[in-house]
Amino acid sequence: VLRALGIPTRVITNFNSAHDRNINLSIDKYIDASGKTLDLTEDSVWNFHVWNECWFTRRDLGSFYDGWQVLDATPQERSKGSIYQCGPASTRAIKEGDVNLDYDSSFVFAAVNADYVTWIHHSKKRKERIYSDTKRIGKFISTKAVGTNSRVDVTASYKYPEVREISFNISYAQYKDSLKEDRKILVTAL
């Protein structure tokens, strides 16, 4: 329908798509002390989810949020108010983490960028976070290339690259020597 109206539109597929029911921007998994999964949350991760993007200006949010907007024709949650809808959420807002904007930006942000957190549930009053996976959600966010059946990766439109952890192994002697160098610089500066 949007294309028929002359509005640029494309289909987007998100793999490992989070469904964050309580909108806390994480997918929470609870286990007991023996490692058995407990049914304490309605959060889930879907193999994939598909929605549409449309290109238009956002006078309501400001020109910073112009461009591709997420519209989900199969919303699973009620939006603000009482109707089932999702969008239009600016992909720029999603990438920048502007989750307090209207039109479900927090829900779409979680779909592509939620943390997958595992908790040990000790009692109703006590839980312990034991693991947080920041890279599991929102993989290979894709659309179809114009004129071919090739996949175009649009992940960078939704999120910044994941940071790789780099470990530095240095000896204590090297560390101690580096502190001496820092002191020399400090003394010289005075």
[atom2] on [Y] to [atom1] on [X], rounded to 0.5 Å:
X: Cys54; Y: Ile7; atom1: SG; atom2: CD1; value: 6.5 Å
X: Asp60; Y: Asp102; atom1: CG; atom2: CG; value: 8.0 Å
X: Asn52; Y: Asp72; atom1: CG; atom2: CG; value: 8.0 Å
X: Ser26; Y: Asp43; atom1: OG; atom2: CG; value: 6.5 Å
X: Ile31; Y: Ile130; atom1: CD1; atom2: CD1; value: 3.5 Å
X: Thr57; Y: Asp66; atom1: OG1; atom2: CG; value: 5.0 Å

| Those residues that, when tested against Val99, pass side-chain contact (heavy atoms from CB on, under 4.5 Å) (two or more places apart) |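 With sequence neighbours excluded, Val99 shows a side-chain contact (heavy atoms from CB on, under 4.5 Å) to Leu25, Ser106, Phe109, given in chain and number order.
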| query | For Asp98, which residues count as a side-chain contact (heavy atoms from CB on, under 4.5 Å) partner, sequence neighbours excluded? | reply |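 Only Phe64, Tyr65, Ala93, Glu96, Leu101 meet the side-chain contact (heavy atoms from CB on, under 4.5 Å) criterion with Asp98.
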Tell me whether [X] contacts the main-chain N or O of [Y] through its side chain, where contact means a donor paired with an acceptor under 3.5 Å.
X: Asp104; Y: Val108; result: no
X: Asn16; Y: Gly138; result: no
X: Ser90; Y: Gln69; result: no
X: Asn14; Y: Ala111; result: yes

Closest approach of [X] to [Y] (non-hydrogen atoms, all atoms of both residues):
X: Phe140; Y: Phe15; value: O-CD1, 3.4 Å
X: Ile137; Y: Ala18; value: CG2-CB, 3.7 Å
X: Asp115; Y: Ser132; value: CB-OG, 4.0 Å

Could you check if a side-chain atom of [X] sits within less than 4.5 angstrom of a side-chain atom of [Y], using non-hydrogen atoms only?
X: Ile120; Y: His122; result: yes
X: Thr91; Y: Val70; result: yes
X: Lys29; Y: Thr37; result: yes
X: Phe48; Y: Ser17; result: no
X: Pro88; Y: Arg58; result: yes

Which residues pass the salt bridge (charged side-chain N to carboxylate O under 4.0 Å, His left out) test with [X], not counting sequence neighbours?
X: Arg129; result: none
X: Glu42; result: Arg21
X: Asp39; result: none
X: Arg136; result: none

| Validation row, ring centre Phe107 to ring centre His19 under 6.0 Å |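 Yes, the ring of Phe107 comes within the 6.0 Å limit of the ring of His19, centre to centre.
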| message | Tell me whether the NZ or CZ atom of Lys95 lies within the 45° cone about the ring axis of Tyr160 and under 6.0 Å from its centre. | response |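 Yes, a cation-pi geometry.
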State which residues pass side-chain hydrogen bond (donor to acceptor under 3.5 Å, both in side chains) with [X]; sequence neighbours excluded, sorted by chain then number.
X: Ser34; result: Asp32
X: Thr148; result: Ser150
X: Ser44; result: Trp46

| task | Tell me, with the steps shown, if Ile12 and Val154 meet side-chain contact (heavy atoms from CB on, under 4.5 Å). | result | CA-CA 9 Å; Ile12 300 294; Val154 295; 4.0 Å; yes
| task | Sort and list the pairs that fulfil salt bridge (Lys or Arg N to Asp or Glu O under 4.0 Å) and have at least one residue in residues 139-156, not counting sequence neighbours. | result |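 As it turns out, the salt bridge (Lys or Arg N to Asp or Glu O under 4.0 Å) pairs with a partner in residues 139-156, which skip direct neighbours, are Arg151-Asp153.
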| said: Apply the hydrophobic cluster definition, ILVMFWY joined by side-chain contacts under 4.5 Å directly or through others, and give me every member besides Tyr30. | reply: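 Under the 4.5 Å side-chain rule, Tyr30 groups with Leu38, Leu40, Val117, Trp119.
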| field | Hydrophobic cluster (4.5 angstrom, side-chain heavy atoms) - remaining members for Trp55 | value |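 Trp68, which link up through side-chain heavy atoms under 4.5 Å apart, make up the rest of the cluster.
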